[in-house]
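Just so you know, these numbers come straight off a predicted model, no measurement behind them.
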Amino acid sequence: VQLQASGGGLVQPGGSLRLSCAPSGSAVVINTMGWFRQAPGNQRELVARVTSAGDTKYLESVKGRFTISRDSAKNQAYLQMNSLKVDDTAVYYCWLYGRLGTKPGPPTNYWGQGTELTVSS
């Protein structure tokens, strides 16, 4: 079972893009899903996350521009990014905290493969 992420690419400043993420396979218990990002020379930072209860949290610099949502029926999460800035350029990593697969155990962190977003004119 893996996390499959899609989206990303090259967009001009002020543009929009949507990232999506979902675990493959069955037997999924999701506590929280979200995205981290890492720009060259910077540490990985939490961009946005949404809990199973629908509680959301955002990085201060993306508030009002990014919106995270979940489709619980599909176990998918989406990150709608509007008014993109050059500073949003980074590799974005989908993240899931929960339990994937049929093997019992405590919740753990899972990561997608990373998708690159470049904001440039």
Side-chain angles (χ1 to χ4, degrees):
V1 181
Q2 298 178 347
L3 277 184
Q4 296 179 330
S6 61
L10 174 64
V11 63
Q12 292 185 339
S16 298
L17 210 62
R18 189 178 81 159
L19 304 180
S20 60
C21 177
S24 61
S26 59
V28 173
V29 177
I30 301 173
N31 292 6
T32 304
M33 291 187 73
W35 275 267
F36 283 72
R37 71 184 182 186
Q38 187 168 19
N42 292 355
Q43 291 189 343
R44 191 174 294 192
E45 59 185 359
L46 176 65
V47 178
R49 64 102 170 113
V50 57
T51 69
S52 58
D55 181 54
T56 57
K57 180 179 180 179
Y58 295 92
L59 181 69
E60 190 64 33
S61 63
V62 308
K63 285 182 179 179
R65 300 188 297 120
F66 290 12
T67 302
I68 190 169
S69 60
R70 273 185 62 181
D71 184 335
S72 298
K74 298 179 180 180
N75 290 326
Q76 282 195 336
Y78 307 96
L79 183 66
Q80 179 65 43
M81 303 181 291
N82 299 327
S83 302
L84 283 163
K85 303 177 180 180
V86 173
D87 288 347
D88 294 320
T89 296
V91 176
Y92 285 70
Y93 296 91
C94 176
W95 162 66
L96 183 152
Y97 178 70
R99 192 71 190 171
L100 304 181
T102 58
K103 186 177 181 180
T108 188
N109 293 307
Y110 299 87
W111 296 94
Q113 75 275 21
T115 183
E116 191 165 357
L117 168 66
T118 301
V119 184
S120 174
S121 56

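- N82 and S16 share a side-chain donor-acceptor pair at under 3.5 Å.
- When only modelled atom types and interatomic distance are considered, Q76 and Y78 share a side-chain donor-acceptor pair under 3.5 Å.
- Residues P13 and V86 are in side-chain contact: their nearest non-hydrogen atoms beyond the backbone lie under 4.5 Å apart.
- Geometric assessment of R44 against the ring of W95 yields a negative cation-pi assignment under the 6.0 Å and 45° thresholds.
- Aromatic ring centres of W35 and Y92 lie farther apart than the 6.0 Å criterion allows.
- With hydrogens and angles ignored, the 3.5 Å screen pairs a side-chain donor or acceptor of R65 with a backbone N or O of S83.
- Using a distance-only test at 3.5 Å, with no hydrogens or angles considered, no donor-acceptor pair links the side chain of Y58 to the main chain of G64.
- A continuous path of hydrophobic side-chain contacts links L17 to L59 [ILVMFWY only; heavy atoms under 4.5 Å].
- P107 is not listed as a side-chain neighbour of V29, based on a closest heavy-atom distance of 4.5 Å or more.
- Across G98 and Y110, no two heavy atoms sit closer than the pair O-CE1, 3.5 Å.
- Panel note: side chain T115, backbone S6; no donor-acceptor pair is recorded below 3.5 Å.
- Cluster annotation: V91 and L46 are assigned to the same hydrophobic cluster (Ile/Leu/Val/Met/Phe/Trp/Tyr, side-chain heavy-atom contacts under 4.5 Å, transitive).
- In the hydrophobic clustering of this structure, W111 does not group with L100; members are Ile, Leu, Val, Met, Phe, Trp, Tyr whose side-chain heavy atoms approach within less than 4.5 Å, directly or through other members.
- Panel note: side chain R37, backbone E45; no donor-acceptor pair is recorded below 3.5 Å.
- With contacts defined as side-chain heavy-atom distances shorter than 4.5 Å, the pair V11/D88 does not qualify.
- Using a 4.5 Å cut-off between side-chain heavy atoms of Ile, Leu, Val, Met, Phe, Trp and Tyr, with links allowed through other members, V28 and L3 fall into the same hydrophobic cluster.
- Interatomic distance, R49 CZ to M33 CE, rounded to the nearest 0.5 Å: 13.5 Å.
- Under the 4.5 Å side-chain contact rule for hydrophobic residues, I68 and I30 do not share a cluster.
- Here the closest non-hydrogen pair linking R99 and P106 is NH1-O, 3.0 Å.
- With R70 contributing its side chain and K74 its backbone, the two residues share no donor-acceptor pair below 3.5 Å.
- Not a single donor-acceptor pair under 3.5 Å links the side chain of T118 to the backbone N or O of T89.
- Here the closest heavy-atom approach between residue V62 and residue V47 is recorded as CG2-O, 3.7 Å.
- Using a 4.5 Å heavy-atom threshold, the side chains of L96 and P23 count as touching.
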